[in-house]
Participant: 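Structure below; questions to follow.
Heavy atoms only: backbone and side chains are in, while hydrogens, waters and symmetry mates are out. Throughout, protein chains are lettered first and strands after them, A, B, ... in sequence-line order, and every chain is numbered starting at 1. Everything numeric in this text was worked out from a predicted model, so none of it was measured.
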There are 2 protein chains.
Amino acid sequence: MSETAAQTPIRSLEDALNRCQDKGMRVSRQRRYILELLWDVQEHLSAREIYDRLSRAGRDIGHTSVYQNLEALAANGIVECLDRSEGRLYGNISDSHSHINCLDSNQIIDVQVQLPAELLERLEAETGVRIVDYRIDFYGYQR
Amino acid sequence: MSETAAQTPIRSLEDALNRCQDKGMRVSRQRRYILELLWDVQEHLSAREIYDRLSRAGRDIGHTSVYQNLEALAANGIVECLDRSEGRLYGNISDSHSHINCLDSNQIIDVQVQLPAELLERLEAETGVRIVDYRIDFYGYQR
DNA sequence: ATTTATGCAAACATTTTGCAATAAA
DNA sequence: TTTATTGCAAAATGTTTGCATAAAT
């Protein structure tokens with residue numbers, strides 16, 4: 001349903017690195033840093049935040065490379081790019097495109113949600129728009 | 001369900017202006033320009049775009065005021081603020097918080113969607129998160 | 001050997017802040 | 001008259017580009 005649907009599901013850091021090669025992207029040291037971080041934290045971070053964390057961790061990488069990499073990785077469906085009020089946030093692709101935004105912990109949990117066909121059909125009939133994809137943002141509290 | 005739920009529905013420019021006063025906001029000339037534009041175009045625009053359009057239309061307003069106003073209007077639930085890859089987009093509040101994003105025309109259509117209670121309950125059981133609100137982004141084509 | 005990726009320097013775009021002048025109520 | 005609002009100037013923030021160098025395949 002999604003345009004950027006994953007051909008092969010990415011379920012691990014190794015999958016992500018392999019997908020880079022499949023897409024003709026080289027597995028550079030810096031690219032690996034970014035993917036390692038993203039798989040390590042299992043969160044959605046801004047480009048700036050990713051650069052800061054890697055730098056603080058002593059990883060040798062420039063901010064330009066972080067931006068360039070995240071754009072390329074997102075374009076190739078290897079990471080996900082969300083638009084939030086904090087700016088663009090990048091995170092793993094875990095094969096699902098709806099999110100639960102935890103208002104207390106600030107975490108974003110990936111979930112897979114299938115809407116009833118009747119709901120979609122009714123919407124299409126009402127608006128005249130042919131719906132090809134959807135994403136749901138849930139908001140809630142963990143405690 | 002929504003935290004920022006409208007106490008009184010805003011269905012017209014007049015409603016929006018009245019809501020300003022209810023909230024203790026003054027109806028300045030510049031504030032009126034912004035709301036007039038938003039109700040006129042019925043689209044979601046960036047702060048920059050709003051400033052540009054008003055300037056081009058000969059409206060006397062500074063860019064600082066546009067940013068300050070949009071923030072205040074959004075904080076008071078008089079306009080809606082969406083985060084998109086183009087940056088933050090502002091538009092009317094039309095009492096509904098799901099959107100159909102038209103990939104051909106680039107328009108955003110407001111729709112009201114009620115998810116089945118079972119779906120929400122199942123999600124809460126699976127994730128342990130108490131869900132208090134949600135928004136759906138549909139993607140589709142008008143032609 | 002070939003081509004992608006890096007990252008500095010600099011530009012660019014967007015948004016925010018301090019604050020004195022202005023205008024709405 | 002009082003207080004919110006305006007908007008200039010300037011800074012801060014975030015992101016992008018050109019391009020020579022370095023590194024991956």
Participant: Just the rounded figure in Å: distance from C1' of dT4(C) to CG of L73(A).
Facilitator: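 Interatomic distance, CG of L73(A) to C1' of dT4(C): 14 Å.
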Participant: So, are E49(A) and R53(A) salt-bridged, with charged N and O less than 4.0 Å apart?
Facilitator: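 Yes, charged N to carboxylate O under 4.0 Å.
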Participant: When you measure from the side-chain N and O atoms of R31(A) to the phosphate of dA5(C), is any distance below 4.0 Å, counting only OP1 and OP2?
Facilitator: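 Looking at the OP1 and OP2 atoms of dA5(C), one of them is under 4.0 Å from a side-chain N or O of R31(A).
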Participant: Under a 4.0 Å threshold between the charged nitrogen and the carboxylate oxygen, would R48(B) count as salt-bridged to D52(B)?
Facilitator: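 Salt bridge between D52(B) and R48(B), a charged N being under 4.0 Å from a carboxylate O: yes.
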Participant: By nearest heavy atom, map M25(B) and S46(B) onto DNA chain C; which one lands nearer the 5' end?
Facilitator: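 Residue closer to the 5' terminus by nearest nucleotide: S46(B).
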Participant: With hydrogens left out and only the distance checked, is there a donor-acceptor pair under 3.5 Å joining H63(A)'s side chain and the base of dT16(D)?
Facilitator: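 Check passes, donor-acceptor contact within cut-off.
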Participant: Respond yes when some side-chain nitrogen or oxygen of S28(A) is under 4.0 Å from OP1 or OP2 of dT6(C), and no when none is.
Facilitator: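 Yes, S28(A) has a side-chain N/O under 4.0 Å of OP1/OP2 on dT6(C).
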Participant: Output the rounded distance in Å from NZ (K23(B)) to P (dT5(D)).
Facilitator: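 After rounding, the gap between these two atoms is 14 Å.
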Participant: For dT25(D), does either OP1 or OP2 sit under 4.0 Å from a side-chain N or O belonging to Q21(A)?
Facilitator: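 Result: yes.
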Participant: Less than 4.0 Å between a side-chain N and a carboxylate O, is that true for E126(A) and R122(A)?
Facilitator: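 Yes, R122(A) and E126(A) are salt-bridged.
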Participant: Provide, to the nearest angstrom, the distance between the CD atom belonging to E49(A) and the P atom belonging to dT13(D).
Facilitator: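 It is 14 Å, rounded to the nearest whole Å.
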Participant: Roughly how many Å is it from CG in L45(B) to P in dT15(C), rounded to a whole number?
Facilitator: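 One finds 13 Å between P of dT15(C) and CG of L45(B), rounded.
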Participant: Quick one: which of dT6(C), dT16(C), dT6(D) gets closest to the side chain of R88(B)?
Facilitator: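 Nucleotide nearest to R88(B)'s side chain: dT16(C).
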Participant: Short question: side chain of D83(B), backbone of S85(A) - any donor-acceptor pair under 3.5 Å?
Facilitator: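 Judged by distance alone, yes, a pair lies under 3.5 Å.
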Participant: Between the base of dT3(C) and the side chain of R26(A), is there a donor and acceptor pair under 3.5 angstrom?
Facilitator: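 Answer yes: a donor N or O sits under 3.5 Å from an acceptor.
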Participant: Please check the phosphate of dT16(C) (OP1 and OP2 only) for any side-chain N or O of Y67(B) closer than 4.0 Å.
Facilitator: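 No, outside the criterion.
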Participant: Whole angstroms only, please: what is the CG-P distance between D60(B) and dA23(C)?
Facilitator: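 Taking atom P of dA23(C) as the reference, CG of D60(B) is at 10 Å.
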Participant: Quick one: is S65(A) getting a side-chain N or O under 4.0 Å of the dG7(C) phosphate, OP1 or OP2?
Facilitator: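 S65(A) to dG7(C) OP1/OP2: side-chain N or O found under 4.0 Å.
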Participant: Specify the residue among R48(A) and Q68(A) whose closest nucleotide of DNA chain D lies further upstream toward the 5′ end.
Facilitator: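 First, find each residue's nearest nucleotide; the 5'-ward one identifies R48(A).
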Participant: Indicate yes or no: does R84(B) engage D137(B) in a salt bridge with an N to O separation below 4.0 Å.
Facilitator: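 Salt bridge: yes.
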Participant: Report yes if a side-chain nitrogen or oxygen of T64(A) is closer than 4.0 Å to either non-bridging phosphate oxygen (OP1 or OP2) of dT17(D); otherwise report no.
Facilitator: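 Checking T64(A) against dT17(D): no side-chain N or O falls below 4.0 Å of OP1 or OP2.
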